[in-house]
Amino acid sequence: MENKDYKSINHSVRKKDSMQLLLGKPNYVDDITPKDALVVKLLRSPHPNAIVQEVNKTAALKVPGVVDIYTWEDVPTNRFAIAGQTYPEPSPYDRLILDRHVRFSGDPVAIIAAETEKAALKAMRLIKVKYEILEPVLDFHTAKDNKILVHPEEDWFPPCPVGGDNHHNLVASEVNGQGDVDTVMADCDIVIDHTYHTKAFQQAMMETFRTYTTMDRYGRLHVISSTQIVFHVRRILSRALGIPKSRIRVEKPRIGGGFGAKQTAVCEVYPAFVTLKTGRPAKLIYTREECQIAGSPRHEMEVRVRMGADKDGRIRALDLYTLSNTGAYGEHGPTTVGLSGHKSIPLYSGSLEAYKFSYDVVYTNLQPAGAYRGYGATQGIFALESAVNELAERLGMDPTRLRDQNMVKEGMTMPAYYGETANACALDKCMERCREIFHWDEKYPVRDMGNGKVRCAGVAMAMQGSGISNIDTGSATIKLSDDGTYNLIIGVADMGTGCDTILAQMVAEYMDCDVDDVAVFGADTDVSPYDSGSYASSTTYITGKAVEKACAELKKNICAIAADMMECDPQDVIFEGSQVRRIDSEQSVSLSDISYKAQVCNTHAAEVTATHASPVSPPPYMVGMVEIELDKLTGQVTILDYKAVVDCGIPINPALARIQAEGGIVQGIGMTLMENVNYDSNGRPIESSFMQYKIPTRLEMGQLQVEFEHSYEPTGPFGAKSIGEIVINTPAPAIAHAIYRATGVWQRELPITPEKIAMSGITEQP
């Protein structure tokens with residue numbers, strides 16, 4: 001099966017919407033929004049912790065074109081969460097549409113609805129708000145058990161028991177492990193004990209948060225949003241607005257990037273509320289500044305790693321403690337933190353005798369965090385892989401050989417990964433191949449280039465998951481059209497990842513047709529079968545398997561229809577792509593004739609919906625190696641070369657998989673070297689535009705090369721696993737390692753800017 005010569009699978013196929021995008025056709029939310037839609041704007045609090053005492057909107061309402069202004073007194077009082085997660089959500093219900101108690105600098109105070117943007121902005125300037133200013137909690141180290149409570153309300157509600165307690169500023173807390181870590185650690189020759197810090201990095205997707213809402217011809221709320229989670233948005237709006245889900249339809253057009261940010265319903269509720277109040281279409285488009293100060297960035301985390309090893313390099317014990325800063329609201333807080341340990345520690349299942357993983361997720365009066373590609377694994381892998389590199393340097397060992405003897409290998413059980421078995425794992429092959437194409441033995445030594453510049457290399461490996469085991473559900477509807485082609489209807493959202501194309505390739509492979517013969521539609525809660533959505537690296541693995549199931553069932557039904565036409569039993573015919581033929585003769589009927597017959601006195605469905613969930617989440621694996629040049633005078637780091645080898649099972653579309661990898665690596669480079677987050681005295685991010693918040697361009701990438709080492713995942717469609725998130729996880733520890741090699745100083749906080757390198761000094765090189 002693994003070596004099967006596929007027709008459509010493991011082939012690079014052009015994305016289905018590529019020409020539409022290249023030609024600039026209307027695809028995105030604002031492209032398809034009517035010009036007469038009301039413009040919605042949000043007045044935001046300048047204070048990180050305050051009580052709204054009075055909102056004077058008299059002058060603002062007199063502005064020509066202003067339709068209405070709404071405050072906390074006008075909205076429903078149902079607490080809800082905006083995390084796009086399967087019900088019951090692990091995230092606490094701690095939000096109101098507008099709350100009298102504002103909890104971060106940027107929290108909405110009023111909703112303005114106007115005929116034009118100019119009128120809305122003028123009204124915003126004329127609204128006068130009187131606040132009772134409260135002392136904030138801005139340092140997440142002091143948040144737990146602080147006398148200042150971010151959420152003192154009594155109706156704070158946790159749908160799931162995750163160790164949260166709003167009276168202690170806790171969103172979640174847990175301790176788990178296996179074996180006696182302290183006893184094993186005491187018997188080790190070397191113990192590494194360091195703390196690593198990552199900041200609240202922004203997804204910086206090109207298309208900002210945006211939503212258009214209207215009332216349809218049946219009096220239902222119709223929501224068109226740039227979202228990854230249409231079904232979750234419907235549920236979130238139902239709870240927040242206090243209306244039945246049956247009165248809400250949510251669909252997504254083309255999405256201009258998400259990277260996890262749009263797994264959170266950041267803006268949908270505000271125009272939806274305006275449309276319900278006015279009966280008119282409304283749209284809300286976040287500015288780039290709003291995305292930066294009131295978006296859904298990565299959780300700031302501090303990860304302490306204690307690692308015990310013998311002098312021969314055998315890693316015997318790991319102890320990780322993660323402190324996660326969820327900000328003012330708890331969306332995704334209980335779930336991101338788990339990945340910091342559960343998707344880093346299992347990398348070393350080959351040698352580990354004992355592990356412990358514990359965490360606290362705390363509220364602060366800062367911008368609330370959310371989902372971002374890697375979803376907590378990124379932070380944990382930066383910490384653990386950096387610690388492994390520190391161990392290698394302490395031992396004087398080649399860090400790639402150290403990993404060779406400790407890494408998880410195929411067939412091993414991973415206790416820290418919920419006891420799953422690595423049924424498909426080519427991590428060892430990834431390391432071997434990456435060493436080869438990178439020329440590791442030549443580039444690892446520090447090379448003095450003269451003029452104060454040195455070149456050196458670093459390495460890291462990573463794992464992720466493929467969906468959320470026992471939770472994520474994917475569905476697909478496949479139907480035969482009356483010209484013998486197929487329609488595929490899905491509930492997942494293509495964010496530029498190419499899932500529309502990848503799932504169509506699966507249909508083409510199974511139904512023995514061309515990819516162009518498969519039309520894809522999604523996602524729309526009125527039309528699409530239920531799907532958890534595009535997150536957790538689940539689409540190819542989970543929804544792909546649903547596509548495979550649906551095709552298998554449809555093929556049976558097509559054969560049954562054809563058998564009726566040829567007056568024989570279904571077991572006497574065989575499906576041959578463009579036709580169905582009798583096994584014992586040359587009699588056959590074409591697929592187009594079958595499609596017409598399906599519409600005339602037919603009792604076999606020419607349309608099938610299948611659903612899939614998985615009890616496991618097979619990890620993809622990856623090795624990354626980087627070569628840098630560092631200027632010892634200025635601290636400037638230049639990426640010269642980055643090689644990555646990825647095991648994502650069988651890549652369905654190698655070109656799209658490669659693009660995913662390259663994009664994730666570049667995001668990881670930006671997070672490591674330049675994307676800084678600093679706050680003013682009110683806890684407001686200073687880097688509120690791309691003038692201050694630097695993201696990498698083509699000039700900062702260096703030379704990128706991505707290859708794949710195949711494994712075959714038996715539970716995945718055509719042997720596939722995921723690739724979307726893992727690819728962001730290796731740059732940070734690999735680059736930090738290379739910087740140490742160049743300077744002799746470990747940098748344990750991201751980003752590692754030239755100023756930090758210069759200020760920390762240069763010691764003797766290793």
Side-chain angles (χ1 to χ4, degrees), residues 29 78-95 97 157-160 162 203 209-213 220-253 255 258-273 295-296 329-336 368-373 375 467-468 470-476 490-495 497 499 522-539 542-543 546 611 613 724:
V29 171
N78 309 310
R79 294 268 171 205
F80 64 99
I82 61 172
Q85 298 174 306
T86 300
Y87 179 84
E89 300 93 329
S91 300
Y93 291 171
D94 56 9
R95 282 183 176 267
I97 298 173
F157 175 68
C160 294
V162 292
Q203 297 89 347
F209 299 104
R210 54 194 60 199
T211 299
Y212 163 69
T213 56
R220 299 164 72 229
L221 179 66
H222 185 187
V223 179
I224 300 176
S225 182
S226 184
T227 180
Q228 303 169 215
I229 44 157
V230 292
F231 286 96
H232 294 333
V233 166
R234 182 177 64 175
R235 187 182 67 252
I236 291 165
L237 292 179
S238 172
R239 180 174 177 86
L241 298 169
I243 62 175
K245 290 191 285 291
S246 60
R247 285 190 54 202
I248 304 171
R249 174 189 178 188
V250 181
E251 66 171 311
K252 67 95 194 168
I255 300 175
F259 308 115
K262 294 171 184 175
Q263 192 197 336
T264 304
V266 172
C267 70
E268 285 84 349
V269 71
Y270 306 110
F273 175 76
S296 183
Y329 299 98
E331 48 260 19
H332 298 283
T335 42
T336 49
Y372 184 3
R373 191 180 206 167
Y375 203 80
I468 306 171
N470 295 302
I471 291 179
D472 278 349
T473 299
S475 301
I490 54 177
V492 289
D494 193 325
M495 299 177 284
T497 51
C499 75
D524 184 326
T525 57
D526 269 12
V527 180
S528 303
Y530 176 79
D531 198 292
S532 301
S534 296
Y535 62 89
S537 299
S538 63
T539 301
I542 295 290
T543 307
T611 297

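This one's a predicted model, so the numbers in the text were calculated from it and none came from an experiment.
Remark: Q228 engages no residue in a side-chain hydrogen bond (donor to acceptor under 3.5 Å, both in side chains) (not counting sequence neighbours).
Between the side chains of Q85 and S91, a donor-acceptor pair is found at a separation under 3.5 Å. Side-chain contact check for H222 and E251: at least one donor-acceptor pair (N or O, by modelled atom type) lies under 3.5 Å. Between the side chains of S225 and E268, at least one donor-acceptor pair of N or O atoms lies under 3.5 Å.
Annotation: the span from S534 atom OG to I490 atom CD1 amounts to 7.5 Å, rounded to 0.5 Å. The CD1 atom of I97 sits 12.0 Å away from atom CD1 of I82, with the distance rounded to the nearest 0.5 Å. Of the inter-residue distances, the one linking S532 atom OG with I229 atom CD1 reads 10.5 Å to the nearest 0.5 angstrom. Taking OG1 of T335 as the reference point, atom CD1 of I468 lies at 7.0 Å (rounded to 0.5 Å). With rounding to the nearest 0.5 angstrom, the CZ atom of R234 is 14.0 Å from the CZ atom of R247.
Under the 4.5 Å side-chain criterion, counting only non-hydrogen atoms from C-beta, T473 is not in contact with D531. Looking at heavy atoms from C-beta onward, T211 lies in side-chain contact with V223 at the 4.5 angstrom threshold. The side-chain heavy atoms of T213 and F273, taken from C-beta on, include no pair separated by under 4.5 Å. Side-chain contact between L221 and L241 is present, with at least one heavy-atom pair separated by less than 4.5 Å. Using a 4.5 Å heavy-atom threshold, the side chains of T336 and Y372 count as separate.
Aromatic pair H332/Y375: ring centres closer than 6.0 Å. Checked against the 6.0 Å centroid threshold, Y530 and F231 count as a close aromatic pair.
A salt bridge links D526 with R220: the distance from a Lys NZ or Arg NE/NH1/NH2 to an Asp or Glu carboxylate oxygen falls below 4.0 Å. Looking at R79 and D94, no side-chain N of the basic residue comes within less than 4.0 Å of a carboxylate O on the acidic one, giving no salt bridge.
For the pair P253 and I224, the tightest heavy-atom approach, listed with the atom from each and the gap, is CD-CG2, 3.7 Å. Closest of all the heavy-atom pairs between V162 and P90 is CG2-O, 4.0 Å. Of all the heavy atoms in E89 and C160, the pair that sits closest is O-SG, 3.6 Å. Closest non-hydrogen pair, V492 versus C499, comes out as CG2-SG, 4.1 Å. Taking all atoms of both residues into account, the shortest heavy-atom contact from T611 to S475 is OG1-OG, 2.9 Å. Of all non-hydrogen atoms in P92 and G330, the two that sit nearest each other are CD-O, 3.8 Å.
In this structure, the side chain of S528 does not engage the main chain of T525 through any donor-acceptor pair within 3.5 Å.
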- Task: Let me see the working for V230 and D524 under side-chain contact (heavy atoms from CB on, under 4.5 Å), right down to the final yes or no.
- Result: CA-CA 7 Å; V230 292; D524 184 326; over 6 Å; no

- Task: Please assess S226 against K262 for the test side-chain contact (heavy atoms from CB on, under 4.5 Å), listing each intermediate value before the final yes or no.
- Result: CA-CA 7 Å; S226 184; K262 294 171 184 175; 2.9 Å; yes

- Go through R239 and Y93 one step at a time and tell me if the side-chain contact (heavy atoms from CB on, under 4.5 Å) criterion holds. CA-CA 10 Å; R239 180 174 177 86; Y93 291 171; 3.2 Å; yes

- Message: Between S296 and E331, is the side chain to side chain donor-acceptor pair (under 3.5 Å) condition met? List the steps.
- Response: CA-CA 9 Å; S296 183; E331 48 260 19; 5.8 Å; no

- Starting from the C-alpha separation in whole Å, work towards a yes-or-no answer on side-chain contact (heavy atoms from CB on, under 4.5 Å) for I255 and T227. CA-CA 7 Å; I255 300 175; T227 180; 5.7 Å; no

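Cation-pi geometry between R95 and Y329 is satisfied (NZ or CZ under 6.0 Å from the ring centre, within 45° of the ring normal).
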